[in-house]
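Note sheet for the following structure.
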Amino acid sequence: MLVSAVAFAGNKDRQGEAGASELLINPWARSSGWDGINTACVRGIESINVNPAGMAFTAKTELVFSHVEWLSGTGIQFNTFGFSQSLGKKGGVLGANVMSIDFGDIPITTTSLPEGGIGTFSPTYLNFAVAYAKAFSNSIYCGVLVRGVSESISDASAFGMGIDAGIQYVTGPKVDPTRAKFGIALRNVGTRMAYGGDGLSFRGQSPEGDYTMTIEQRSQGFELPSLLNIGGSYDFK
């Protein structure tokens, strides 16, 4: 009764080679412990990092700020701000989210000075999103967002854009029509990113060899960490 087969799916450029992995981290304290399995039941502004359809359940106004110490002892900190506003029963919900990562001060090292001692630098990782969600019926809720991703140091940077989309379906018996929930979310589908800037250039000899010139090296591009989440939940009351 068992059948074995070989299947291929997805983009080979995303198989272990995707970047911007901070997009896979949920910075919200209340929902981060679920690790994404709450795709079907997440609610409010926190759903913007899990399934944007859950934002459609915002009743009026929601304002959230989160500060997280990531991998305690490393000095990495997440600061996140989120805002959502209901536009009425037929207008849907509009939301925005900004997440910034602070890596602290990192010693500058070079091939000639591997131990540092010449100063420090601090990378800047920032992503921001604008989202819209709407309830199309008592059972169907949809949401979509556009996110910008920025990663930089003083002399090199990369920027990309991504789109998330999600659906939540709520059902159940007549006595409790919201007991069972199903959700599906497609996240981080967007542009290819690549680093550029003065940090990738150096002074070298011209092809003729009679004068020096600035030579820029091209950085290998990388894809956003796209993923598909499908989940369900059932309330035992």
Using distance alone, with no hydrogens and no angle criterion, decide if R203 and T214 have a side-chain donor and acceptor under 3.5 Å apart. yes

A side-chain contact here means heavy atoms from C-beta on lying under 4.5 Å apart; do R30 and E46 qualify? yes

Would L224 and M161 satisfy side chain to side chain contact (heavy atoms under 4.5 Å, CB included), going step by step from the backbone distance to the final call? CA-CA 9 Å; L224 299 182; M161 299 288 293; over 6 Å; no

Verify side chain to side chain contact (heavy atoms under 4.5 Å, CB included) between R147 and L23, making sure each step is shown before the conclusion. CA-CA 10 Å; R147 175 179 282 110; L23 297 179; 3.6 Å; yes

For S47 and G54, the nearest pair of non-hydrogen atoms, with its separation, is OG-C, 3.3 Å

Can you find a heavy atom in the side chain of Q220 that is under 4.5 Å from one in the side chain of Y195? no

Return yes if a side-chain donor-acceptor contact under 3.5 Å exists between Y211 and Q205, otherwise no. no

Residue set satisfying ring-ring contact (aromatic ring centres under 6.0 Å, His included) with F103, at least two apart, ordered chain then number -> Y125

Can you see whether S139 engages S137 through a side-chain donor-acceptor pair at a distance of less than 3.5 angstrom? no

Flag the pair I101 / I76 as yes when at least one side-chain heavy-atom distance between them is below 4.5 Å, and no otherwise. yes

Check R179 with D235, please: is the shortest side-chain N to carboxylate O separation under 4.0 Å? no

Distance col, row I108:CD1 vs T110:OG1, nearest 0.5 angstrom, shows 9.5 Å

Is Y132 close to L87 at the side-chain level, that is, under 4.5 Å between some pair of heavy atoms? yes

Using residues 63-72 as the side-chain source, report each donor-acceptor pair under 3.5 Å to any protein atom, sequence neighbours left out, with the distance given to one decimal.
residue	atom	partner	partner atom	Å
S66	OG	P27	O	2.9
H67	ND1	N79	OD1	2.7

Residue pair Y141, F136: steps toward the ring pair (Phe, Tyr, Trp, His ring centres under 6.0 Å) verdict: CA-CA 6 Å; Y141 303 83; F136 288 91; 9.1 Å; no

